[in-house]
Amino acid sequence: MWEYLKLIVLAVVAVGAAIAANYAHDLPYMVNAVVVMLAAAITFLWTLRHVGDPPSLADVSANYNDGVVKAGVIATTFWGIVGFLVGVVIAFQLAFPELNPAWSQGILNFGRLRPLHTSAVIFAFGGNALIMSSFYIVQRTSAVRLWGGNLGWFVFWGWQLMIVLAATSYVLGGTQGKEYAETVWYIDLWITVVWVAFLLTFLGTLMSRKEPHIYVANWFLLSMIVTVAMLHVVNNAAIPVSLFSSQSVPVYSGVQDAMVQWWYGHNAVGFFLTAGFLGMMYYFVPKQAERPIYSYKLSIIHFWALIFLYIWAGPHHLHYTALPDWASTLGMVFSVMLWMPSWGGMINGLMTLSGAWDKLRTDPIIRMMVVSIGFYGMSTFEGPMMSIRAVNSLSHYTDWTIGHVHSGALGWNGMITFGVLYFLTPRLWNRERLYSLQLVSWHFWLATIGIVLYASSMWVTGIMEGLMWREVDANGFLVNAFADTVAAKFPMYVVRALGGTLFLAGALIMCYNLWKTVTSVDRKSTAPSAVPAE
């Protein structure tokens with residue numbers, strides 16, 4: 001009965017999407033409607049093909065639902081390569097404007113590819129990493145199978161559909177124009193549906209747990225899921241101009257819209273890219289180091305201090321704007337206070353290696369995780385410093401901000417995710433080991449050097465940019481035109497593009513290593529069951 005109901009729903013969606021594509025008012029809407037129609041039709045045919053099939057043996061007998069985690073590992077790796085590749089392309093486009101040829105305008109120029117890059121890295125690469133690691137962690141720490149049957153698979157495939165819809169929309173001009181929230185209104189609605197399913201799956205698993213204690217990683221992950229849901233719904237409130245158009249009118253306007261947007265924007269970083277990945281750190285670093293977390297009490301203090309302080313820090317993005325001074329000062333104060341719990345978490349992660357520091361010489365995976373924690377600490381010092389009004393007057397609107405964001409995104413989020421992928425792949429596919437630790441070491445050094453080149457070049461060009469903008473002569477007139485700053489930044493832009501290329505090269509090596517691990521390394525031998533003596 002359930003299969004037939006699914007078939008009816010999928011058929012209605014496919015036909016409805018075809019009708020919507022026919023009546024579309026703009027190209028992004030039409031293409032998105034065709035994508036939905038194809039997705040619903042393919043799912044309809046797959047479901048029809050398997051109506052009446054008995055449940056597979058793996059689905060019945062396995063203790064954990066690791067199929068969806070495996071799919072998440074593959075998706076994380078794939079979308080990471082896509083996001084890094086687009087980032088390298090737009091970095092070279094900024095250094096060499098001739099790489100924005102006339103034939104590419106309106107599709108593959110910088111303005112269209114930039115939101116594609118940010119969304120691919122944050123929501124496709126980072127989002128898949130969070131979903132698959134959440135599903136892995138919550139099952140192991142709760143000692144139960146993922147709740148909701150195939151709801152976890154709905155979350156996975158629903159998220160992939162969102163990524164494809166967003167990507168096809170961006171390159172065709174479908175956007176709200178909000179930082180980290182460019183998706184148009186109907187994609188926002190779909191994100192809400194998928195995210196609620198994610199919350200139900202995660203929360204249902206926790207509530208059915210066999211372990212009485214909720215491990216701290218689950219607290220970080222749950223706070224990420226709940227807070228991101230709230231941020232997304234509030235920030236993306238909009239009224240569509242038509243049921244058949246991608247365009248909409250935001251509910252907020254003026255400085256209120258800016259305030260809500262940066263409350264969302266900063267806390268998307270704070271909860272999606274920080275709290276969620278801290279949940280990964282608190283589980284996978286002790287597992288890889290084979291040591292307990294240094295201080296469980298400190299991890300609890302870290303959690304409550306972080307989630308209380310972070311939510312107030314957004315207004316520091318709006319210094320020297322129409323936002324009242326008291327509001328931006330509030331954001332600045334809470335940002336500075338955030339330095340303390342952030343470094344408490346960094347110290348907790350690093351000190352987990354107490355008694356196991358020798359592993360840094362022999363295990364490139366733990367080396368990658370430790371460097372990621374170091375970048376977390378550096379970014380969470382730099383961020384509060386840049387929120388101070390006097391520093392912000394120099395740094396804002398410059399490439400210093402770009403360097404800060406990428407030292408955190410590539411160094412913290414990227415490196416911890418790479419470590420998790422290396423940790424999970426041999427275990428999920430039941431392999432004896434990774435194909436090559438030497439290739440992991442190559443990946444580590446390429447990625448680290450790439451991040452250093454990227455971040456340092458942006459720090460240099462950002463500070464230079466800010467100083468050139470404020471330089472005046474004896475009569476109080478500006479010395480430099482904007483074009484002068486653009487010309488002066490060229491060498492650093494080339495270095496930035498080369499750094500991104502090295503980071504991409506490391507990720508490609510990781511893809512090869514993981515592929516060879518699955519296809520070439522022998523399976524683990526399972527010990528025979530003990531048989532009592534007669």
Side-chain angles (χ1 to χ4, degrees), residues 28 32 36 79 83 115-116 118-135 151-152 154-167 169-170 174-203 220-240 246-253 256-279 306-307 310-315 317-318 331 405 409 413:
N32 283 168
V36 172
W79 290 118
L116 179 64
T118 54
S119 290
V121 173
I122 296 172
F123 299 112
F125 173 66
N128 273 296
L130 287 170
I131 290 170
M132 66 93 176
S133 58
S134 298
F135 287 166
L151 194 59
F154 171 80
V155 173
F156 172 78
W157 286 113
W159 198 250
Q160 309 319 304
L161 176 60
M162 181 279 294
I163 294 166
V164 174
L165 289 174
S169 175
Y170 294 154
T175 174
Q176 290 187 117
K178 292 188 173 187
E179 188 77 2
Y180 310 138
E182 287 96 344
T183 47
V184 294
W185 64 271
Y186 50 84
I187 304 178
D188 287 334
L189 291 176
W190 180 243
I191 292 172
T192 305
V193 171
V194 175
W195 205 256
V196 169
F198 182 24
L199 173 62
L200 292 174
T201 306
F202 190 88
L203 201 56
F220 277 98
L221 293 167
L222 184 60
S223 71
M224 178 270 296
I225 299 169
V226 171
T227 310
V228 167
M230 174 184 69
L231 296 168
H232 173 76
V233 170
V234 173
N235 184 55
N236 290 287
I239 303 170
S246 64
Q247 298 179 19
S248 60
V249 178
V251 170
Y252 319 105
S253 62
Q256 288 82 10
D257 188 37
M259 177 66 241
V260 173
Q261 159 58 30
W262 282 110
W263 171 75
Y264 165 89
H266 191 78
N267 288 297
V269 174
F271 286 86
F272 198 88
L273 296 178
T274 303
F277 285 86
L278 285 169
L306 195 82
I307 65 164
Y310 231 121
I311 204 76
W312 298 92
H317 287 265
L318 297 170
V405 168
N413 302 121

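For reference, positions follow the sequence shown, starting with 1. Remember, predicted model here, so these are calculated numbers, not experimental data.
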What side-chain hydrogen bond (donor to acceptor under 3.5 Å, both in side chains) pairs are there with at least one residue in residues 262-273, not counting sequence neighbours?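 Those involving residues 262-273 are H266-H317.
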Sequence neighbours excluded, every pair satisfying side-chain hydrogen bond (donor to acceptor under 3.5 Å, both in side chains) that has a member inside residues 154-165: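 Passing the test, one end in residues 154-165: W79-Q160, N128-Q160.
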Who pairs with F198 by ring pair (Phe, Tyr, Trp, His ring centres under 6.0 Å), at least two apart in sequence or on another chain?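 By the ring pair (Phe, Tyr, Trp, His ring centres under 6.0 Å) rule, F198 matches F135, W195.
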Once rounded to the nearest 0.5 Å, what's the spacing between atom [atom1] of [X] and atom [atom2] of [Y]?
{"X": "F156", "Y": "I131", "atom1": "CZ", "atom2": "CD1", "value": "9.0 Å"}
{"X": "N236", "Y": "L231", "atom1": "CG", "atom2": "CG", "value": "10.0 Å"}
{"X": "M224", "Y": "L199", "atom1": "CE", "atom2": "CG", "value": "10.5 Å"}
{"X": "I187", "Y": "T192", "atom1": "CD1", "atom2": "OG1", "value": "12.0 Å"}
{"X": "T183", "Y": "K178", "atom1": "OG1", "atom2": "NZ", "value": "10.0 Å"}
{"X": "L130", "Y": "L221", "atom1": "CG", "atom2": "CG", "value": "7.5 Å"}

Does any non-hydrogen side-chain atom of I307 lie less than 4.5 Å from one of T227?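 The answer is no, as the side chains (C-beta and beyond) never meet within the 4.5 Å cut-off.
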Should V251 and V260 count as side-chain neighbours, where that means a heavy-atom distance under 4.5 Å?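 Side chain of V251 against side chain of V260, heavy atoms only: no contact under 4.5 Å found.
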Return the set of residues passing side-chain hydrogen bond (donor to acceptor under 3.5 Å, both in side chains) with [X] (not counting sequence neighbours), or none when no residue passes.
{"X": "Q256", "answer": "none"}
{"X": "Y180", "answer": "none"}
{"X": "E182", "answer": "none"}
{"X": "T201", "answer": "none"}

Specify the closest pair of heavy atoms between [X] and [Y], including all atoms of both residues, with the distance to one decimal.
{"X": "A181", "Y": "N235", "answer": "CB-ND2, 3.6 Å"}
{"X": "D188", "Y": "Q176", "answer": "OD2-NE2, 3.4 Å"}
{"X": "D257", "Y": "Y252", "answer": "CA-CB, 3.7 Å"}

What pairs of donor and acceptor atoms, side-chain ones from residues 118-125 against any protein atom, are under 3.5 angstrom apart with sequence neighbours left out?
{"from": "T118", "atom 1": "OG1", "to": "R114", "atom 2": "O", "distance (Å)": "3.4"}
{"from": "T118", "atom 1": "OG1", "to": "P115", "atom 2": "O", "distance (Å)": "3.1"}
{"from": "S119", "atom 1": "OG", "to": "P115", "atom 2": "O", "distance (Å)": "3.2"}
{"from": "S119", "atom 1": "OG", "to": "Y170", "atom 2": "OH", "distance (Å)": "3.2"}

Partners meeting side-chain contact (heavy atoms from CB on, under 4.5 Å) with [X] (sequence neighbours left out):
{"X": "L200", "value": "W147, L151, V196"}
{"X": "N413", "value": "L273, F277, A409"}
{"X": "W190", "value": "F154, L161, M162, V193, V194"}
{"X": "P28", "value": "D26, S169, L172, S246"}

CA sep, side-chain torsions, deciding dist, call: T274, F220, side-chain contact (heavy atoms from CB on, under 4.5 Å): CA-CA 9 Å; T274 303; F220 277 98; over 6 Å; no
Where the side chain of E179 meets the backbone of Q261, is there a donor-acceptor pair that is under 3.5 Å apart?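 Between the backbone of Q261 and the side chain of E179 there is no qualifying donor-acceptor contact (under 3.5 Å).
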